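Worksheet for the structure shown next.
Please read these numbers as outputs of a predicted model, since none were measured by experiment.
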Amino acid sequence: MAHRDSIAELSALTEALVLEHRAEEARYAAILEGQPVARRKAEGLTWAPVSIVRTAFTLGGRPTVEIQAESGESGAFRSGSAVQLSSSDAKGEAVSHRGIVRSARGLEAEVVLDGDELPEQATHRSWILDARFDERSFKEMARALSDVLNAGRDGKPSRLAALREVVLGYARPEPVEPDPFAHPDLNDSQNRAVAHALSAAEVTTLHGPPGTGKTTTLVQLVKALVRRGEKVLCATPSNAAADLLVERLGAVGLNVVRIGHPMRVDPAVVDRALDRLVAADPDHKQVKAFRKQAEEAAREADKQFRTFGADQRAARRAAFAEARELRKEADRLEGFLAERALETAEVVCCTLVGAADRMLTGRRFGTAILDEAGQALEPAAWIPIRSAERVVLAGDAFQLPPTVKDPAALKAGLGVSLLEKAIDRERNVHLLDTQYRMHADIMAFPNVTFYGGALQAAQDVAGRALGELPPLTFIDTAGRGWDEERSAPEADTTGRSHASIRNPEEAAFTVDRVRELLEQHPSASIGVIAPYRAQVTLLEDLLHSEVVAAKGRLTIQTVDGFQGQERDIMVIGLTRSNADGTVGFLAEHRRMNVAMTRARMHLLVIGDSATLGTDGFYAGFTQHCEATGAYRSCWEWA
C-alpha cells in the first residue's frame, strides 16, 4: 500500500489501530454485557461475592488488594489478567476500580489497582471481580503513534522525526563507513552486521532466519555498545523473549535491569527485575518501616468507622492523614531507589509496551534494539523507538507475523510489521547467512522459498543425521479418504472464534509414525505440530501415555507453541483433506516456515497433496520432495 509521505502512512496506521481496538472492545463487551452474575460466574468471567482481606502498596505506590472469593471458577484468573473490582458505597451508588492480577491461586488473588487506592472501609464491603478488556496496550500504542506523527511539526529539530523518515524509507540513511568488527564467536555475516549496527546513524535491520544465531549476534552488539559508553534499551513483543535477552546479556557480565512485574518475569531472571533490585537495596528497610507505620495508622482509623463522636471523627481523620503522608514518604524513597538502580544499569530490557513504563519516562538511550520485531505490531514498535537516538530491528519477517484479530484492520495494513517494511524498503539490511540448526536437506526448501537461496548450513550440521533416517520425508495421504471434520467452535491463533478442524484418520497414522520414531530413536527429542487446536487435542489424547513416559522428550503443540524452539525430530500433520481443495489458514506460509525449520536432523511432514496442491507453496513442496527422493505415499503402510 503506497503512501505519499510518512504522515499519510502513519495516519492510515492509526485508523487501522482504531479498528482493531473497537473490534476487540466490542468482542469482549459482547461476552460480559447483559449477562447475570450467575452466568458470568459459570463461564469463568466473574468471582462473586469477593471480600478484601488486606490492602498494601507496591513499587511506586501502586495500591494492591488481596481478595478471597466465596464462589466462582477456581483458577479463572491468572497473573496478568485485566480485571474490574466493583461494589456499592454507603449510598448505594456503584463504585469500581480497574487493575491487573498480580498472582492468583484457587479462589484467592492479589490485584494491582490502576489509579487511586480503595475507599475507606473497603474491607467491610462485598465486592465483585470481573474480567475486563485491557486497554493499556492500545492506549500506549496510540500515544506512540501520535508522538511519531507530531514529531518535528513545531519546526524544532526532532530526532524522532528524523528516525521516522529514515526508518519508513522517506529519507536516505546517513552514509557511514563502518569500522571493522571481529569477534571469535561470530561468523563473517554476524561480524558485518554488528559493524554496521555500531556505525549506522539511524537504523540497522538485522535479518536473522531460523538458526542463524541472531541472539548471539545481538549479545555481542550490546556488549560493544556498552563498551563505548552507551545505555541500551532492548524491547521485545513478549515477556519470554525479553527474559531470554536478560539471561543471555547477564551471562556475559552486563548489568541488566528488567522492567516488568516479577509475576510476569521468568524465575530464572526475576532477580534482575526492577522491583526485586529495589527491594534488595539496603535502604529499602526504611521504605518497609514507612509502609508498616502507614498500615498501622490506617488500621487504627478503620477501627473507628462505626463511632460517630466528634473526637473519634477527628482522630480518624488524623490517622488517615498520617497514613497518607507515610505512604507518600515511602513512595518518594522507593522512587529514588528505583532511579538509582536504573542509573547504574547498562542495559534495560522490557516488552514493547513495557517501554512506556513510568520509570522510563524522560530517559534517553543511545540505541533501542527491537528483537523478534517481525512479530510486533508497528504501533507497539514505535514505543521504545521514541526514547532512542538510533534503532536496530532484529528478527525474521518470514516467520510468525503480528497478531491482528480484526479483518478490516488487517486489510488496512496493521499486520505488516516495521521489520517487514524495513526489509522491503532496504533500510540498511544485513542478512545472517549461516544457520547452525538444520541438516542441509531440511533447510533446502525454506531457503529457496523464503530467502532466495542465500542461506548456507554450517559444516557441523549440514550432514548431521540420525543413523539411516533420511533428513526429510513427506508422506502423502491423497486417495485414502481421510477427510477432515469440524469440531466445536473455538478461537484460532488470531483470537477469532470458528469451528476448528481435525482429522482422526490422519491423527491415528501420525501417532503410529511417532511411536516408531520413539522406539527407533530413544534418545532423540521429538516435536509434533498440528495447525489446528482440535487436532492438537486429539493427538495429545492419543499420545498421552507416550508423553508421560518420554518425560519431556516428546511435545505436541500448534506452530505458535514451537516458535523459537527446536527438536531433533519434528513431525508435522497438516490436517486439511477435503474435496474443495480448501487449505484455510495454512495459506499463511510463514507459519509453515516456522514449523519446517524447527527440526535438526529429521523433518516428517504428513498431508494430502490433492487438497494442498491447490496452493502453490504446498505444490512446490511436494515437487521438491519428489525431485529429491523425500516423497512417500501412505499406501506403503496400508
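Ile501 and Tyr532 get closest at one heavy-atom pair: O-CB, 3.2 Å. When all heavy atoms are compared, the tightest approach of Ile556 to Phe562 is C-CE1, 4.4 Å. In plain terms, the two heavy atoms of Tyr451 and Pro210 that are nearest each other are OH-CD, 3.2 Å. Across all non-hydrogen atoms, the minimal contact from Leu245 to Cys349 is CB-SG, 4.3 Å. In terms of heavy atoms, Pro402 sits closest to Gly415 at CD-O, 3.4 Å. Thr236 approaches Ala242 most closely through the heavy-atom pair OG1-N, 3.1 Å.
With a 4.5 Å cut-off on side-chain heavy atoms, Leu472 and Phe621 count as touching. Side-chain contact between Leu377 and Thr403: absent, with no pair of heavy atoms (C-beta onward) separated by less than 4.5 Å. Annotation: side chain of Cys234 is not in contact with side chain of Val246 (no heavy-atom distance under 4.5 Å). With a 4.5 Å cut-off on side-chain heavy atoms, Ile369 and Leu225 count as touching. Counting only heavy atoms from C-beta outward, the side chains of Val536 and Gln557 never approach each other to under 4.5 Å. Under the 4.5 Å side-chain criterion, counting only non-hydrogen atoms from C-beta, Ile383 is in contact with Arg386. Residues Ile572 and Leu603 meet the side-chain proximity criterion, which asks for heavy atoms closer than 4.5 Å. You'll find the side chain of Glu378 reaches within 4.5 Å of the side chain of Leu168, heavy atoms only.
Put simply, the side chain of Glu247 never gets that close to the backbone of Leu244: no donor and acceptor are under 3.5 Å apart. Judged purely by atom type and a 3.5 angstrom limit, Asp568 uses its side chain to pair as donor or acceptor with the backbone of Ser525. Under a 3.5 Å cut-off, the side chain of Gln565 and the backbone N or O of Gly561 do form a donor-acceptor pair. A donor-acceptor pair is defined here as one N or O able to donate and one able to accept, closer than 3.5 Å; no such pair exists between the side chain of Arg576 and the backbone of Glu484. Using modelled atom types, one side-chain atom of Thr597 and one backbone atom of Val594 make a donor-acceptor pair closer than 3.5 Å. Remark: side-chain polar atoms of Gln375 are not paired, donor with acceptor, to backbone N or O of Leu400 under 3.5 angstrom. A distance-only check finds a donor-acceptor pair linking the side chain of Gln435 to the backbone of Arg437 [under 3.5 Å]. Not a single donor-acceptor pair under 3.5 Å links the side chain of Arg276 to the backbone N or O of Val270. At least one donor-acceptor pair closer than 3.5 Å links the side chain of Glu202 to the backbone N or O of Glu174. Under a 3.5 Å cut-off, the side chain of Thr611 and the backbone N or O of Asn578 do form a donor-acceptor pair.
Exactly one residue among Leu418, Leu17, Val148 makes a side chain to side chain contact (heavy atoms under 4.5 Å, CB included) with Pro379. That residue is Leu17.
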**Request:** Evaluate the side chain to side chain contact (heavy atoms under 4.5 Å, CB included) criterion for residues Ile529 and Met570: first the C-alpha distance (whole Å), next the side-chain angles of each, then the deciding distance (0.1 Å), finally the verdict.
**Result:** CA-CA 7 Å; Ile529 289 178; Met570 289 300 307; 3.4 Å; yes
**Request:** Test side chain to side chain contact (heavy atoms under 4.5 Å, CB included) on Val269 and Val256 and set out the steps.
**Result:** CA-CA 10 Å; Val269 297; Val256 187; over 6 Å; no
**Request:** Show your reasoning for whether side chain to side chain contact (heavy atoms under 4.5 Å, CB included) applies to Arg513 and Ile475.
**Result:** CA-CA 10 Å; Arg513 305 290 75 74; Ile475 301 179; 4.0 Å; yes
**Asked** So Asn239 and Val265, side chain to side chain contact (heavy atoms under 4.5 Å, CB included) or not? Walk me through it.
**Response** CA-CA 7 Å; Asn239 281 298; Val265 177; 5.5 Å; no
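Using a cut-off of 4.0 Å between Lys/Arg side-chain N and Asp/Glu carboxylate O, Arg590 and Asp396 are scored as not salt-bridged. Between Asp243 and Arg258 there is a salt bridge, since at least one side-chain N of the basic residue sits less than 4.0 Å from a carboxylate O of the acidic one.
Ser189 and Asp433 share a donor-acceptor pair across their side chains, judged by distance under 3.5 Å alone. With 3.5 Å as the limit, one finds a donor-acceptor pair spanning the side chains of Asn255 and Arg272. In the model, Arg248 has a side-chain atom that pairs as donor or acceptor with a side-chain atom of Thr216 under 3.5 Å. No side-chain donor from either of Arg480 and Ser577 sits under 3.5 Å from a side-chain acceptor of the other.
More than 12 heavy atoms of other residues, nucleotides or ligands sit less than 6.0 Å from atom CZ of Arg228. Remark: Asp460 CG is packed, more than 12 non-hydrogen atoms of other residues, nucleotides or ligands lying under 6.0 Å away. When the shell of 6.0 Å around CD of Glu519 is examined, it contains 12 or fewer heavy atoms from other residues, nucleotides or ligands.
Distance check, rounded to the nearest 0.5 Å: CZ of Arg567 to CG of Leu554 gives 9.5 Å. Atom-to-atom distance recorded for Lys421:NZ and Leu393:CG is 11.5 Å, nearest 0.5 angstrom. If you take CG on Leu517 and CD on Glu546, they are separated by 12.0 Å, rounding to the nearest 0.5 Å. In this structure, the separation between CD on Gln190 and CG on Leu221 is 12.0 Å, given to the nearest 0.5 Å. Taking CG from Leu419 and CG from Leu370, the interatomic distance works out to 9.5 Å, rounded to the nearest 0.5 Å. Of the inter-residue distances, the one linking Met438 atom CE with Asn447 atom CG reads 8.5 Å to the nearest 0.5 angstrom.
Aromatic ring centroids of His207 and Phe398 lie under 6.0 Å apart.
Classified by interplanar angle (parallel below 30°, tilted 30° to 60°, perpendicular above 60°), the ring pair His589/Tyr618 is perpendicular.
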